Every structure is written in C-alpha cells, then in structure tokens.
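Note sheet for the following structure.
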Protein chains: 2
Amino acid sequence: MTLGAKVADTIDRDSYIPAYVQLADILRQQIAAGVFKPGDQLPSEAQLCRRYNVSPMTVRRVINMLVDEGVVVAIQGRGTFVKPIELGTAFFSLQDFQNLFTNQEESRVKLLETRILTADQRTAQKLAVEPGRRVVFIRRLIFQTGQPVLYHKEYLVYDPYRPLIEAEMEVTSLYGLFSGKGTNLKWGELSIEATVLTEEEAELLKSSAGTAAFRLEHIFYDFEDHPVSWGWFICPSNRLRFRTTVGVRGKERTG
Amino acid sequence: MTLGAKVADTIDRDSYIPAYVQLADILRQQIAAGVFKPGDQLPSEAQLCRRYNVSPMTVRRVINMLVDEGVVVAIQGRGTFVKPIELGTAFFSLQDFQNLFTNQEESRVKLLETRILTADQRTAQKLAVEPGRRVVFIRRLIFQTGQPVLYHKEYLVYDPYRPLIEAEMEVTSLYGLFSGKGTNLKWGELSIEATVLTEEEAELLKSSAGTAAFRLEHIFYDFEDHPVSWGWFICPSNRLRFRTTVGVRGKERTG
DNA sequence: TAGTGGTCTAGACCACTTA
DNA sequence: AAGTGGTCTAGACCACTAG
C-alpha cells in the first residue's frame with residue numbers, strides 16, 4: 001500500500017541545496033512514510049554521521065531543526081524519538097490576518113473618526129494611566145477589494161512630549177502602525193476571542209447583528225514598557241479563517 | 001528614563017547556562033532596551049566573536065535562533081538587522097485548547113453517542129470516500145471542573161480491516177486520540193472559525209443559542225495520507241481565549 | 001562502562017553585497 | 001576588493017542514561 005517513493009536517501013554534495021536541508025528532508029520524509037513511527041528512536045547522531053557522510057555539527061543542526069519543528073524530541077543520554085502528533089503543538093499564524101490590510105493594491109484604510117477624550121476606568125487601566133487622562137481615540141474601517149473586512153478601534157496615550165501620537169493620527173494605512181515606520185513600538189500582547197457583531201459593527205461591515213466574528217485585541221508597548229496603544233479589530237468570521245497543519249507536513253522553515 | 005539594567009554584557013564561562021543562550025539573552029535584552037532599534041544593524045558575526053570571545057559557530061547558532069524567533073533578519077552580504085514588530089509574525093498556540101481536555105484530574109469526557117451511519121455528500125467528500133459508505137459517528141462532551149466546555153462531533157471511516165476505529169470508539173478520553181496511544185495518525189489539518197451556538201450546542205454547553213463560540217475543525221490522515229477522521233470542536237468564547245505576544249518578549253525556546 | 005545527546009572550538013570555503 | 005552572512009569540517013569535552 002506504500003506509495004512509490006522517489007525519495008533520495010543520500011546527500012547530493014553537488015546540489016545547491018544545503019546538506020542540512022537535504023538531511024532534514026530525508027528524515028522528515030522517512031517519518032512521514034512511517035519508516036520511523038511515533039515513539040520510535042531515530043538512529044544515533046554518530047550513526048547518521050556515518051550513514052550520510054556529514055559532520056556531527058551538521059547532524060546536530062538537523063536534529064535541532066526537527067526538535068524546533070516539534071517532529072522529534074531529543075533526550076540526553078537516551079536518544080532522539082519521533083513525537084506523536086499533539087494538538088497542543090499546533091499554532092496559527094496571523095499572516096492571513098495581516099494580509100487583510102497589507103495587500104497594498106487591494107487594501108484601503110478609511111479613517112472614520114479621530115478625537116481626544118478622557119480615559120474611562122477600563123481604558124485607563126489598559127493604558128496604565130490615571131482615569132480622566134486624555135487619550136486619542138481612533139476608529140478605522142479596512143476594505144479589501146472594495147468590501148469592508150475589518151473594523152478597528154484604538155486608544156492611544158496622549159502625550160504632547162511624545163511625537164508618536166501626532167504622527168499616528170495622520171496614519172491612514174495601518175501598515176505603518178506595525179511594520180517599522182515608527183520604531184517606537186517594542187512589543188505587544190494579542191488575544192483572540194469569538195464574538196458577535198453589534199448593530200454598529202454590523203452596519204459598518206455590511207453584515208447583520210449577531211453574526212459570528214473574531215475580535216483581536218492588542219496592547220502595544222514602547223521601549224520603556226509603557227502601554228501606548230490599546231484597541232481591537234473586529235472581523236466577520238466568513239472573511240477570515242485560521243488554518244494550520246499538525247504533524248509531519250509542511251515545508252522547510254527558515255532555519 | 002531608561003530603567004537601571006542589571007544586564008550582563010559578558011559570557012560567564014563558569015555558568016551552567018550555555019554560552020549560546022547567554023549571548024542570545026544579551027542580544028535580545030539589548031534589542032528590548034532599545035540599544036538596537038528596528039532597522040538597526042547588529043554587529044557583524046566576526047565582531048560578536050571578538051566582543052564575547054566565542055567561536056563563529058556559536059555566534060551563528062545565536063543568530064539563527066534570533067532569526068527563527070523573528071527578532072532579526074540576516075541578509076547575506078549585507079548584515080543582520082533588527083526586525084520591526086509585525087502582526088503577521090505572531091502565532092497562537094493550541095496549548096490552552098488542549099489543556100481543556102488533558103488536565104486529567106479536572107477533565108472528564110462523556111460519550112454522548114456513537115453509531116454507524118452512511119456518509120452524506122459532505123462527509124464523504126471530507127473523508128475521501130464514496131457517498132453512502134459507512135462511517136462511524138461520535139459525539140462527545142468534555143467537562144472541565146464539572147462544567148461543560150467543549151462539544152465534539154467526529155466522523156471516522158469505517159473499515160473492518162482497520163482496527164483503529166474499533167478501538168477509537170472505546171476511547172472516552174480524547175487524550176488518546178492525539179497523544180500517541182495510537183500511532184496511526186500521521187498528520188492533520190486544523191482550522192478555526194468564529195461561530196454562534198445552535199440550540200443543540202447551547203443546551204449541551206449550558207449556554208444560550210446565539211452565543212459566540214470557536215469552531216475548531218480537524219481532519220486527520222493516516223500514513224497512507226488517507227483521511228480517517230473529520231470533525232470539529234465547539235467551545236464558547238467565554239471559556240477559551242487565545243493569547244500571544246509579538247516583538248521582543250518571551251523566554252528561551254528549546255534550541 | 002558504553003552509548004547517547006549537548007555544547008563548543010578554530011578554523012575553512014563559498015555566495016552575496018557594496019563600493 | 002573588502003566585508004558580510006551561509007555552510008561545513010573534524011574533532012573535543014561534558015552530562016546524562018542505561019545495563
């Protein structure tokens with residue numbers, strides 16, 4: 001029942017593909033083909049060195065890659081073993097999400113509102129300022145190929161001495177918010193919830209209230225670890241789906 | 001405004017912490033502190049070798065780690081540069097999700113129904129069998145500390161020659177489905193949507209219809225790349241939230 | 001004690017970029 | 001041509017596990 005495998009089992013030293021990539025592919029394919037099943041022990045590093053004529057460092061690098069990928073687990077003194085697939089090792093990328101507003105040709109950001117108001121209890125807590133402090137409030141609508149796909153609300157700390165905010169208010173493209181224009185943001189916390197559209201959201205997104213949607217909340221911090229931005233994106237579920245695979249599948253990582 | 005930093009800037013060779021971890025921490029902290037800001041070029045590998053008295057391979061390993069983490073980008077012939085934070089580089093782990101039913105002490109799985117039926121059009125397509133083929137249908141409810149948190153529906157290909165299924169039907173703990181008991185599953189495709197609870201789901205989950213929920217769909221394949229399981233989990237949003245961080249934050253990875 | 005993985009060295013050669 | 005990262009060698013020593 002095994003499919004005919006055109007799998008190389010030696011390292012081609014003349015190939016432009018690095019040896020460590022070739023070896024990683026070989027091992028991954030063997031695992032995928034069932035040569036090594038979950039729980040099985042891989043050949044020792046010394047054996048792999050001899051079998052494929054590579055140095056210990058190269059084998060080590062390959063093993064490290066597979067460990068990082070969650071394909072195998074290496075235990076000192078015992079050996080390297082194939083990991084069974086676990087849901088918990090799966091992860092979902094936000095790349096598809098970011099693409100919603102960084103496809104420069106097809107994406108457009110419309111600034112709905114921007115004004116200064118005083119922070120209420122919740123906003124003040126999120127931004128770590130005193131309630132009543134002035135904050136900048138921004139609402140944006142993101143279009144993809146003419147259709148509204150994302151609704152964004154954001155609160156920014158207002159500090160006359162901090163030029164960031166003034167520049168921020170001019171930003172009509174969210175791309176600049178994250179992707180390096182401002183070197184002000186150091187890190188952020190993100191969370192995803194499921195929610196249903198409110199009347200306001202539904203109207204803007206040309207959907208109907210009660211429709212299922214993702215809510216992606218964010219807090220961004222500056223280099224002094226002070227929050228500078230709190231907000232969230234609303235995206236109807238039918239316009240975004242997170243996909244991934246688990247187990248031995250998928251191509252090479254950056255290494 | 002910079003906080004007093006108790007950051008080491010040399011490698012302690014007597015420490016039990018590996019040199020490559022120490023160096024990675026040093027660079028990460030310098031980036032986090034703003035010594036190197038997004039877009040800045042890091043010292044060359046040769047400079048790092050001299051500065052910290054480590055071999056080129058060790059420096060290379062550190063750079064590779066930071067590249068994998070998405071903290072820096074290395075460009076051949078030009079240098080290594082600090083990456084601005086990008087939403088697209090963030091990823092969400094399913095670990096919290098798996099914990100919902102693998103905390104053995106607090107989790108309980110109740111088998112609601114298990115029966116054999118014939119595949120309808122959609123099921124047949126997902127499982128890559130002919131419509132009308134017999135499949136196993138299973139419904140489960142997962143409790144956490146006595147409260148229902150997950151509702152699971154699953155279709156399995158029915159094959160008398162394949163012992164997996166028979167064993168599967170006995171499984172009351174989903175843990176065995178994924179975590180290695182059966183070495184039958186090779187890989188799976190997962191996707192997450194936002195949805196709202198149906199009447200049936202709401203009743204079982206002791207919630208109300210129309211409540212926001214996550215829907216995690218899965219297809220698992222065997223070593224011949226044939227689908228063996230298609231199904232989905234329903235989890236009310238108030239019982240699960242996906243969190244992550246983006247940018248320079250977070251501890252060491254397995255390396 | 002033998003075998004395993006974990007770390008590290010001190011280079012080498014290559015490909016690429018910039019000037 | 002000079003400088004950068006990308007790959008790789010041929011070992012070394014260590015920590016850990018098992019019989």
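Below, chains carry the letters A, B, ... as their sequence lines are ordered, and counting in each starts from 1. Here the structure is a predicted model, which is why all the values come from computation and not from measurement.
Straight-line distance from the CD atom of A:E45 to the P atom of C:dG3: 15 Å, rounded to whole Å. When rounded to the nearest whole Å, the span between CZ of B:F81 and P of D:dT4 equals 11 Å. The nearest whole Å value for the distance from the CE atom in B:M57 to the P atom in D:dC8 is 10 Å. Remark: C1' of D:dT7 and OH of A:Y52 are 20 Å apart, rounded to the nearest angstrom. In this structure, A:Y16 atom OH and D:dT7 atom P are separated by 14 Å, rounded to whole Å. Between the CD atom of B:Q41 and the P atom of D:dG3 there is a distance of 13 Å, given to the nearest Å. In this structure, the CG atom of B:N53 is 9 Å from the P atom of C:dT9, given to the nearest Å. Atom-to-atom, CD1 of A:I17 to C1' of C:dA15 comes out at 16 Å; the value is rounded to the nearest Å.
Residue A:S44 has no polar side-chain atom (N or O) positioned under 4.0 Å from OP1 or OP2 of C:dG3. Side-chain nitrogen and oxygen atoms of A:R61 include at least one within less than 4.0 Å of the OP1 or OP2 phosphate oxygen of D:dT7. In this structure, A:Y20 reaches the D:dT7 phosphate: one of its side-chain N or O atoms is under 4.0 Å from OP1 or OP2. Checking the phosphate oxygens (OP1, OP2) of C:dT7, no side-chain nitrogen or oxygen of B:T58 falls inside 4.0 Å.
Listed by chain and number, the residues in a side chain to side chain contact (heavy atoms under 4.5 Å, CB included) with B:Q47 are B:P43, B:S44, B:R50 (sequence neighbours excluded). Considering only residues two or more places apart in sequence or on other chains, A:Y155 meets the ring pair (Phe, Tyr, Trp, His ring centres under 6.0 Å) condition with A:F137, A:W230. Looking at residues two or more places apart in sequence or on another chain, you find no salt bridge (charged side-chain N to carboxylate O under 4.0 Å, His left out) involving A:R239. Qualifying ring pair (Phe, Tyr, Trp, His ring centres under 6.0 Å) partners for B:F97, counting only residues two or more places apart in sequence or in other chains: B:F101, B:F233.
For the residue pair A:E189/A:Y221, the side-chain donor-acceptor check at 3.5 Å is satisfied. At a cut-off of 3.5 Å, with distance as the only test, a side-chain donor of A:Q144 or A:S107 sits close to an acceptor on the other residue.
Each of C:dG11, C:dC8, C:dG5 was ranked by its minimum atom distance to the side chain of B:S55; first place goes to C:dC8. Distance from the side chain of A:R13 is smallest to D:dT9 among C:dT9, D:dT9, D:dG5. Distance from the side chain of B:A19 is smallest to C:dC8 among C:dG11, C:dC8, D:dT9.
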Report all interatomic pairs (protein N or O, nucleotide N or O of nucleotides 13-17 of chain D) with separations under 3.5 Å.
from	atom 1	to	atom 2	distance (Å)
D:dA15	N3	A:Q76	OE1	2.9
D:dC16	O4'	A:Q76	OE1	2.9
D:dT17	O4'	A:G77	O	3.4

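Pairs passing the salt bridge (Lys or Arg N to Asp or Glu O under 4.0 Å) check and including a residue from residues 39-49 of chain A, sequence neighbours excluded, read A:E45-A:R60.
As the counterpart of D:dA15, C:dT4 is assigned, both hydrogen-bonding distances of the Watson-Crick or G-U wobble pattern falling under 3.5 Å.
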